[in-house]
Amino acid sequence: MTEELALVVLDEVRDKMAKAVDHTRAEFATVRTGRATPALVEPLMVDYYGTQTPLRQLAGFSVPDAMMLVISPYDKGSLGAIEKAINSSDLGINPANDGNVIRLAFPRLTEERRKELVKVVRHKAEEGRIAVRNLRRGARHELEGMEKDGSLTSDELERIEKELEKVTHAQVGAIDELLSHKDRRASCRER
């Protein structure tokens, strides 16, 4: 019974770590590596009639070619608000509003900008690793508390901590693999 509680802690931290990796993956999707993709603008918040609303709820997206993203608002009255949100974002792209859709033409990445983006991606990866390690620390603290109150033996604690380390290394490895993939894309694009 007591070891079952420790296994519940381990399962919970495994789920939270997987969510941290998914969050890191989503953060990577918002970093442009040379191709137009809806993931770059979907999370942008738009002031839609006084309410902050994610762009993905206000418009559809299409990518007619690698350097062009077309945003088709469901409500044509939101075009101006969407345009304003894009202009105030850190995308560095000027939207072209024709009254029906907004077109975003992505310029080719310069070498300097590519290096900047690699730094941004590495920073986001480090944030993901830190989140995973913080979850490990919290779980370890909880497990040690279970040992102190006598609901877990030191042998059980040691075995579960080894399993916790394996899970942590696997999740950090997953973040490192995501980083490696994104790094390759950023440094290989448009050369």
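- Taking CD from Q52 and CE from M45, the interatomic distance works out to 5.5 Å, rounded to the nearest 0.5 Å.
- Counting only heavy atoms from C-beta outward, the side chains of V9 and M146 approach each other to under 4.5 Å.
- The structure places CD1 of I93 at 7.0 Å from CG of L40, a figure rounded to the nearest 0.5 Å.
- Remark: the backbone N or O of L58 is not paired with any side-chain donor or acceptor of Y74 at under 3.5 angstrom.
- A heavy-atom distance below 4.5 Å is found between the side chains of I71 and I86.
- Residue A85 comes nearest to V46 through the heavy atom pair CB-CG2, 3.9 Å, listed as atom of the first residue, atom of the second, then distance.
- Here the straight-line distance linking atom CG of L135 with atom CZ of R140 works out to 12.5 Å at 0.5 Å rounding.
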Salt bridge (charged side-chain N to carboxylate O under 4.0 Å, His left out), that's the test. Do E111 and R114 meet it? Break it down for me.
CA-CA 5 Å; E111 188 63 31; R114 192 176 287 116; 3.1 Å; yes
Residue pair H181, E177: steps toward the side-chain hydrogen bond (donor to acceptor under 3.5 Å, both in side chains) verdict:
CA-CA 6 Å; H181 178 72; E177 180 59 34; 5.9 Å; no
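- Side-chain contact check for M17 versus V21: every heavy-atom pair is 4.5 Å or farther apart.
- Scored by the side chain to side chain contact (heavy atoms under 4.5 Å, CB included) test, M68 finds P64, D65, V70, R103, A105 as partners (sequence neighbours excluded).
- Looking at R122 and L179, their side chains come closer than 4.5 Å, going by heavy atoms from C-beta outward.
- The side chain to side chain contact (heavy atoms under 4.5 Å, CB included) search around E126 returns R129, I130, R133, not counting sequence neighbours.
- Of the inter-residue distances, the one linking L143 atom CG with K148 atom NZ reads 12.5 Å to the nearest 0.5 angstrom.
- Within the 4.5 Å cutoff, no side-chain heavy atoms of T37 are placed close to those of V63.
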Could you walk me through whether K19 and D22 pass the salt bridge (charged side-chain N to carboxylate O under 4.0 Å, His left out) check?
CA-CA 5 Å; K19 287 178 182 171; D22 288 343; over 6 Å; no
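- A salt bridge between K115 and E112 is absent, with no side-chain N of the basic residue lying under 4.0 Å from a carboxylate O of the acidic one.
- For E83, the side chain to side chain contact (heavy atoms under 4.5 Å, CB included) test picks out N87, P95, N97, I102, with sequence neighbours left out.
- Under the 3.5 Å distance criterion, with hydrogens and angles disregarded, a donor-acceptor pair is assigned to the side chains of S151 and D149.
- Nearest heavy-atom pair, I160 versus A6, reported as atom, atom and distance to 0.1 Å: CD1-CB, 3.0 Å.
- Looking at heavy atoms from C-beta onward, V101 lies in side-chain contact with S72 at the 4.5 angstrom threshold.
- Across every non-hydrogen atom of F28 and K182, the tightest pair is O-NZ, 2.9 Å.
- Using a distance-only test at 3.5 Å, with no hydrogens or angles considered, no donor-acceptor pair links the side chain of Q171 to the main chain of T168.
- Put simply, CG on D47 and OG on S88 are 10.0 Å apart, with the number rounded to the nearest 0.5 Å.
- Closest of all the heavy-atom pairs between N100 and D98 is N-OD1, 2.8 Å.
- Partners of R56 under the side chain to side chain contact (heavy atoms under 4.5 Å, CB included) rule, at least two apart in sequence or in another chain, are E42, P43, P54, F61.
- Remark: R136 engages E165 in a salt bridge (Lys or Arg N to Asp or Glu O under 4.0 Å) (not counting sequence neighbours).
- No donor-acceptor distance shorter than 3.5 angstrom exists from the side chain of S78 to the backbone of A81, with no hydrogens or angles considered.
- To the nearest 0.5 Å, atoms CD (E12) and CG (L7) are separated by 11.5 Å.
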Verdict with supporting geometry, E163 and R14, salt bridge (charged side-chain N to carboxylate O under 4.0 Å, His left out):
CA-CA 10 Å; E163 185 62 29; R14 185 179 288 128; 3.6 Å; yes
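- Scanning for salt bridge (Lys or Arg N to Asp or Glu O under 4.0 Å) contacts around R137 gives an empty result, with sequence neighbours left out.
- Taking 4.5 Å as the limit, some side-chain heavy atom of D75 sits within range of a side-chain heavy atom of Y49.
- When all heavy atoms are compared, the tightest approach of L178 to R25 is CD2-NE, 3.7 Å.
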